[in-house]
There are 2 protein chains.
Amino acid sequence: MQSNLNDRATFLEESFLLSSTADLSQKRLWQDALQRHLRAFEKGAHFVHEGENWSFVVCVLDGWLTLSKSLDTGQVQILDFAMHNDIVEPTAGDGRTAIFNVQAQTDGVAAVIPLPVWSALLHDLPPLAQLVYATEAAVRSRRAERTLRLGKGSAEMRVAHALVEFCIRLGDRCGEVFHVPLTQQALGDFLGLSSVHVCRTTRRLSRAGILELTDHMDIRVLEPHKLADLAGLDPQMFRREIMPGAK
Amino acid sequence: MQSNLNDRATFLEESFLLSSTADLSQKRLWQDALQRHLRAFEKGAHFVHEGENWSFVVCVLDGWLTLSKSLDTGQVQILDFAMHNDIVEPTAGDGRTAIFNVQAQTDGVAAVIPLPVWSALLHDLPPLAQLVYATEAAVRSRRAERTLRLGKGSAEMRVAHALVEFCIRLGDRCGEVFHVPLTQQALGDFLGLSSVHVCRTTRRLSRAGILELTDHMDIRVLEPHKLADLAGLDPQMFRREIMPGAK
DNA sequence: CGCTGAGTTGAAGTATTTCAAAAGCTGTGG
DNA sequence: CCACAGCTTTTGAAATACTTCAACTCAGCG
C-alpha cells in the first residue's frame, strides 16, 4: 500500500467528480483548498477519538478509514468505512465533539479541512455543495440498507450484503478478485457479529461455490446473482442508490 | 392528537429555531416557503414508499413520522422517528428514488418542500443552511449511538437507550410522565427485537423500579440515573450531541 | 356484549456467542 | 535458513440471548 503525496496531481485531478460541473476557476479554488490541507496517513493512525474536540471534515483521496464507536465493555461497532471520494464529518450536533473514532484502516491520503473553511467553500462553490449533497444522500442510502440488515437480517444476509457493497464501491468488477483490507474481526465489528461467526459464514458461502476466499480477504465472487439474492438486493438499483453521480 | 392548520402561526413562529439568527426579511421568506407547502396528516397516512420516485424534503412541525425499510420476508426495520423540528430527506444518491417508507405515526403537520425549492432556500438563506447543517449533525449523532447498540448492545441496553432518547427529544422532563406513541411491536421494529422480547424487557425494568409503564406507553422514569447506566450513556453529553442548538 | 388489537406469560426452538485449542502465515533476529 | 512470536483463521463443544409459537388477559369500542 504505497501512498504518498507525489500522486497528488492525479488524485486532485479526478477527485470528487468536480471536473464535470465546475468552471476552471472554481476547480482551481477547490483543488488549492484540498492541497493545502492534504495529509498522508499510515495504517493504524488515529485521526480522532470519540468524545474529543474535533472540528474538521476529512475528505478521503486514497486508502480506507474506519469510523467506529465502542461501549464501556470494550465492544466495538464499526459504523462505516470511508474510501476514495468519501467525506467524513465526525462532529456532533454541538459543533465541537467527535461522535466516533476515525482510524486509518490502510495507508492513504486525505485532506483535513477545518469547519470554517469547509463552510466557506460550500458557500462559494455551488457545484461543490451540490456534490456534497448528493454524496450525503448516497451515504444515507447505504447506512439505511445496513441498518435494516443489522436489525433484521441473518448473519448470512449481513455478510452477503457487505460483500456486495464493497464490490460495488471498489469499482464493481464482479467475477474478478478484489481485496478487502479487513480482518474477520473487523468485519464482525462492522456487521454486529463475532469473528468466529463471520468465519463460519464466509466458509459456508465459499463451500456453496458462491465465492472464493483466498488468504486475508482477497475475494472473488463466482455467483454474483446468488450473492445478491442472499443479501436481499437488486444490484442495479443498489448501485444507483449508493454511488453518487450514478445514473 | 389534535392537529390542524389553525395552529400554523404558532408553529411557524417557533419553528426551526430560525428566529435567533435570521433577520426579518429572511425569516419572512422562510416562513412563506414553509406555509406554502404546509400539509396536515393523519395517523397511518403514507408519505412515500421505498423505491418510489420522490424528490421532496419533509419538515415536521408537529406529530411523529416513522422512517422504515423492510425485507422481502416482511420484516420491518424502523430507521428513525421524525418529530417537531426534524427534517426528513428520503431521497437516495440518484436524486429521485426514496430509500425508505415515510408514514405518519400520529396526526400532525408538516411542510413538504420540492427539492429545487429546497436547494434555492438553502442557498438564499445562509442561516437556514447553517441550521440544517447542525440538525444533520445531530441526526448523525443519534443514529451513530443507535447503530452502536443495534450491533453490540443487549436488548436491555437498546430499550433503555431508546427511552432516554425519547425522553430527551420530547423535552427532557425526567421524573414526569411522557407518552411515546408506539406499540411494543413498533418499538421492537425500531430496536431489532421481537415485540415479545420488548415486553419482557420493559417489564423487567419496571419490576426493578427503574420506570413505571402505564397502559399504552405512558412512561415515567423513576431512576433516570440507573436507566442511563443501563443505556451506557452520559445523559448530559448525549443531550448536547443529539439536540441541535444545545449548549 | 362480543370483537379486535395490544400486552403478557410460558415453553420450546434456534441463531449466534463464548470458550478453548489447534493450525496457518508473516515478519524478525539469530 | 530456521526458530520463534504474534496475529489471524479455523473448528468443535457448550452456553445463552433472543425468537417463535401459542394461549390467555385486558381495554376500548361499535
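Because only heavy atoms are used, hydrogens play no part in the values below, and waters and symmetry mates are left out as well, while side chains stay in. We name chains A, B, ... by the order of the sequence lines, and we start the count at 1 in each one.
- Looking at residues two or more places apart in sequence or on another chain, you find a side chain to side chain contact (heavy atoms under 4.5 Å, CB included) between A/A160 and A/L227, A/L230, A/A231.
- Distance alone, capped at 3.5 Å, is enough to place a donor-acceptor pair between the A/Q105 side chain and the A/P181 backbone.
- Not counting sequence neighbours, B/H179 has no partner by the ring pair (Phe, Tyr, Trp, His ring centres under 6.0 Å) test.
- You can see that DNA chain C meets the heavy atoms of chain A within a 4.0 Å-exclusive cut from C/dT16 to C/dC25, reading 5' to 3'.
- In this structure, B/F56 has its ring center at least 6.0 angstrom away from the ring center of B/F47.
- Scanning for salt bridge (charged side-chain N to carboxylate O under 4.0 Å, His left out) contacts around B/K69 gives A/E145, B/E50, with sequence neighbours left out.
- Taking a pair as Watson-Crick or G-U wobble with both distances under 3.5 Å, DNA chain C forms stems of 3 or more consecutive pairs at C:1-30 with D:1-30.
- Residues of residues 183-197 of chain A having a heavy atom closer than 4.0 Å to DNA chain C, listed by number: A/G192, A/L193, A/S194, A/V196, A/H197.
- Screening residues 198-214 of chain A for salt bridge (Lys or Arg N to Asp or Glu O under 4.0 Å), with sequence neighbours left out, gives A/E156-A/R204, A/E212-A/R220.
- Under the side chain to side chain donor-acceptor pair (under 3.5 Å) criterion, B/S68 pairs with B/N101, sequence neighbours left out.
- As judged by a 4.0 angstrom heavy-atom cut-off over every strand, B/R200 is placed among the base-contacting residues.
- Using a 4.0 Å cut-off between a side-chain N of Lys or Arg and a carboxylate O of Asp or Glu, A/D80 and B/R140 do not qualify as a salt bridge.
- Proximity of a side-chain donor or acceptor of B/H84 to a complementary backbone N or O of B/D62 within less than 3.5 Å is not detected.
- Residues passing the salt bridge (charged side-chain N to carboxylate O under 4.0 Å, His left out) test with A/E241, sequence neighbours excluded: none.
- Scanning for salt bridge (charged side-chain N to carboxylate O under 4.0 Å, His left out) contacts around A/K226 gives A/E223, with sequence neighbours left out.
- Looking at residues two or more places apart in sequence or on another chain, you find no side chain to side chain donor-acceptor pair (under 3.5 Å) involving B/Q184.
- Contacts of A/R204 with the nucleic acid, taken as non-hydrogen atoms under 4.0 Å apart, are absent.
- Counting 5' to 3', DNA chain D first comes under 4.0 angstrom of a heavy atom of chain B and last does so at the ends given by D/dC18 to D/dA27.
- Counting non-hydrogen atoms of other residues, nucleotides and ligands closer than 6.0 Å to CD of B/E52 gives a total above 12.
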